[in-house]
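Since the structure comes first, as structure tokens, the remarks are kept for the end.
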Protein chains: 2
Amino acid sequence: MEEVRRRDREGTRQRILEAARRLFAELGYDQVTMRLIAAEADANIALINRYFGAKRELFAEVLAMQGRFPGVLEGPQEELPRRLAEYVADRLLSDRGSPVMAALSRSSATPEIQGIIKDRVSSAIMEPLAGRLGGEDARLRASIATALITGSGTLRQLFGQDALEAPAREVVVERLARVFEVCLAP
Amino acid sequence: MEEVRRRDREGTRQRILEAARRLFAELGYDQVTMRLIAAEADANIALINRYFGAKRELFAEVLAMQGRFPGVLEGPQEELPRRLAEYVADRLLSDRGSPVMAALSRSSATPEIQGIIKDRVSSAIMEPLAGRLGGEDARLRASIATALITGSGTLRQLFGQDALEAPAREVVVERLARVFEVCLAP
DNA sequence: TAAGTTAGTAGACGCACGTTTACTTCGTCA
DNA sequence: TGACGAAGTAAACGTGCGTCTACTAACTTA
């Protein structure tokens, strides 16, 4: 009753990439082993290295695959705090985190990929944010907002989705929006 | 020219504990090996296990050794935001982080110690903070502040002490204080 | 000073990881 | 149809980790 596997290079590559994305997002870099990815992708472990080189290159490709900080930065400037608040609240309350941010907040301890993560946070969050802000200390304000974003990821990971003892989403968004507003105001 | 080591159980224990504190604070749980601690403490590796049991128990003891969130929570209530701001700013700008917080923000990926860290964040930061606040959604407000605190630790680790492109300390404190004020206000 | 206790030591154990090698099987095209 | 390239596989390699065991040597005590 063994299924005969169709030989499909690109398909296998995509299965590996998708499995890696899912696992890195959920568990962080260190906790995800090559064997785990292979099992999740239902592929042979040697193929991962063949298609992606090393583990850190696969991780880099997963990050590169993600769009920029999804859509949050686009839109009218005056609603930016609220969009950030909604993004963070959803990550805090939902049962699964955003791949990029979760990976970031869970993987930054490993020197092997610190450079990759640093670049990603810079280019996908901090710099676009600072660019949008303008005014005095734009970089500082963007940094504080970034700290709040990554910190909420850490909290989510530590305490799970019940970190906030489940107040209504609207309450959380409202609070966060007010905080982001002060963060970002000149 | 070999130094003859004096036999000193308590002294050796303390050297190990202090070396572990320093290393965990700087590098995080995963990156610190038993052999590294032994070398830093100038002690034999087997003694670590003899005196502390396993690595995670040593880590727990290091955390327990630290005072509660040092002094920040004590003092007049109306200056609490500013004290938090100063604490965070100093950690962001100084050349060495706080042991507990650094360990927290760098070590949370490892399931082995997730429980330890969770308890510590709860009992040393979030709960005392929530207790001090009172009013509506005290827990939520404390959580947001905690996210900002831990997030700034992550930033500090990723970008080093020049994360903020070194504006004056006073500017950073001022900004952060305003943000914390909104965080904590009822 | 001899015996016993215990701090300190060297080295090995087992395990899990990322990575690589040697091999097998499938699909294609001359 | 048969040969060749590439997809897929199984097993091993080397490394570094936390932990443990068997031993040595220093101090204490009778």
Side-chain angles (χ1 to χ4, degrees), chain A residues 1-20 23-24 26-62 103 106-107 109-116, chain B residues 1-20 23-24 26-62 103 106-107 109-116:
Chain A
M1 277 304 176
E2 275 292 324
E3 281 284 323
V4 178
R5 164 107 61 227
R6 276 201 51 206
R7 294 167 64 124
D8 177 4
R9 178 187 174 97
E10 197 51 37
T12 301
R13 221 192 94 102
Q14 285 305 318
R15 285 206 319 280
I16 292 171
L17 200 57
E18 172 55 24
L23 290 170
F24 281 139
E26 186 167 351
L27 303 171
Y29 185 80
D30 306 294
Q31 299 307 311
V32 174
T33 68
M34 301 292 272
R35 286 166 179 83
L36 187 58
I37 298 173
E40 179 87 359
D42 196 24
N44 189 279
I45 185 176
L47 293 179
I48 304 180
N49 281 308
R50 182 178 303 176
Y51 294 151
F52 296 94
K55 186 187 181 187
R56 52 162 282 135
E57 298 177 52
L58 172 58
F59 182 74
E61 189 142 342
V62 166
R106 289 175 203 197
S107 308
T110 310
E112 188 182 3
I113 54 164
Q114 183 157 327
I116 296 175
Chain B
M1 278 302 172
E2 276 292 324
E3 281 282 324
V4 178
R5 166 105 60 224
R6 277 201 49 207
R7 295 167 58 130
D8 178 5
R9 178 187 172 98
E10 197 51 37
T12 301
R13 220 192 96 101
Q14 285 305 317
R15 286 206 319 281
I16 292 171
L17 200 56
E18 172 55 24
L23 290 171
F24 281 139
E26 187 166 351
L27 303 171
Y29 185 79
D30 307 293
Q31 299 307 312
V32 173
T33 68
M34 301 291 271
R35 286 165 179 82
L36 187 58
I37 297 173
E40 179 87 358
D42 195 23
N44 189 279
I45 185 175
L47 293 179
I48 304 180
N49 281 308
R50 181 177 308 174
Y51 293 151
F52 297 94
K55 185 188 181 185
R56 52 163 283 136
E57 298 177 51
L58 171 59
F59 183 74
E61 188 141 345
V62 165
R106 292 178 202 194
S107 308
T110 310
E112 188 181 2
I113 53 165
Q114 183 157 326
I116 295 175

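Every chain is numbered from 1 and lettered A, B, ... according to where its sequence line falls, protein lines coming before strand lines.
Going from atom CG of Asp42(B) over to atom C1' of dT9(C) covers 13 Å, rounded to whole Å. In this structure, CG of Leu23(A) is placed 13 Å from P of dC17(C), rounded to the nearest angstrom. Computed from coordinates, the Gln14(A) CD to dA7(D) C1' distance equals 16 Å when rounded to whole Å. One interatomic measurement links the two molecules: CZ of Phe59(A) to P of dT19(C), which rounds to 14 Å at whole-angstrom precision. When rounded to the nearest whole Å, the span between CZ of Arg15(A) and C1' of dA7(D) equals 11 Å. In this structure, Glu10(B) atom CD and dG8(C) atom C1' are separated by 16 Å, rounded to whole Å. The distance from atom CG of Leu47(B) to atom P of dA22(D) is 17 Å, rounded to the nearest whole Å. Going from atom CD of Glu112(A) over to atom C1' of dC17(C) covers 11 Å, rounded to whole Å.
Less than 4.0 Å separates DNA chain D from at least one heavy atom of each of the following residues of residues 31-39 of chain B: Val32(B), Thr33(B), Met34(B), Arg35(B).
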Going through the distances and angles, do Thr12(B) and Asn44(B) end up as a side chain to side chain contact (heavy atoms under 4.5 Å, CB included)? CA-CA 9 Å; Thr12(B) 301; Asn44(B) 189 279; over 6 Å; no

For Ile116(A) and Gln114(A): C-alpha separation, side-chain torsions, deciding distance, then whether side chain to side chain contact (heavy atoms under 4.5 Å, CB included) applies. CA-CA 5 Å; Ile116(A) 296 175; Gln114(A) 183 157 327; over 6 Å; no

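Summary of the strand contacts: Asp8(A) and Ala54(B) both lie near DNA chain D, and taking for each the nucleotide with the nearest heavy atom, the more 5' one is attributed to Asp8(A).
Here the CD1 atom belonging to Ile37(A) is positioned 8.5 Å from the CD1 atom belonging to Ile45(A), to the nearest 0.5 angstrom. Between atom CG of residue Leu36(A) and atom CG of residue Leu27(A) there is a gap of 6.5 Å, rounded to the nearest 0.5 Å.
Every side chain to side chain donor-acceptor pair (under 3.5 Å) that Glu112(A) has, sequence neighbours left out, goes to Tyr29(A). In this structure, the side chain to side chain donor-acceptor pair (under 3.5 Å) partners of Glu40(A), at least two apart in sequence or on a different chain, are Arg22(A). Under the rule for a side-chain contact (heavy atoms from CB on, under 4.5 Å), the partners of Ala41(B) that lie at least two apart in sequence or sit in another chain are Arg15(B), Ile16(B), Ala19(B), Ala43(B).
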Could you go through nucleotides 20-25 of chain C and list every protein N or O atom that sits under 3.5 Å from one of its N or O atoms, giving the distance for each pair?
{"unit_1": "dT25(C)", "atom_1": "O2", "unit_2": "Arg7(A)", "atom_2": "NH1", "d": "2.7"}

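Residue pairs satisfying the side chain to side chain donor-acceptor pair (under 3.5 Å) criterion with at least one member in residues 45-62 of chain B, sequence neighbours excluded, are listed as follows: Arg13(B)-Glu61(B).
Proximity of Phe52(A) to Leu17(A): side-chain heavy atoms (C-beta onward) are separated by under 4.5 Å at one or more points.
Counting non-hydrogen atoms under 4.0 angstrom, Tyr51(B) reaches the backbone sugars and phosphates but no base.
Look at Thr12(A) and you'll find a side-chain N or O under 4.0 angstrom from OP1 or OP2 of dG8(D).
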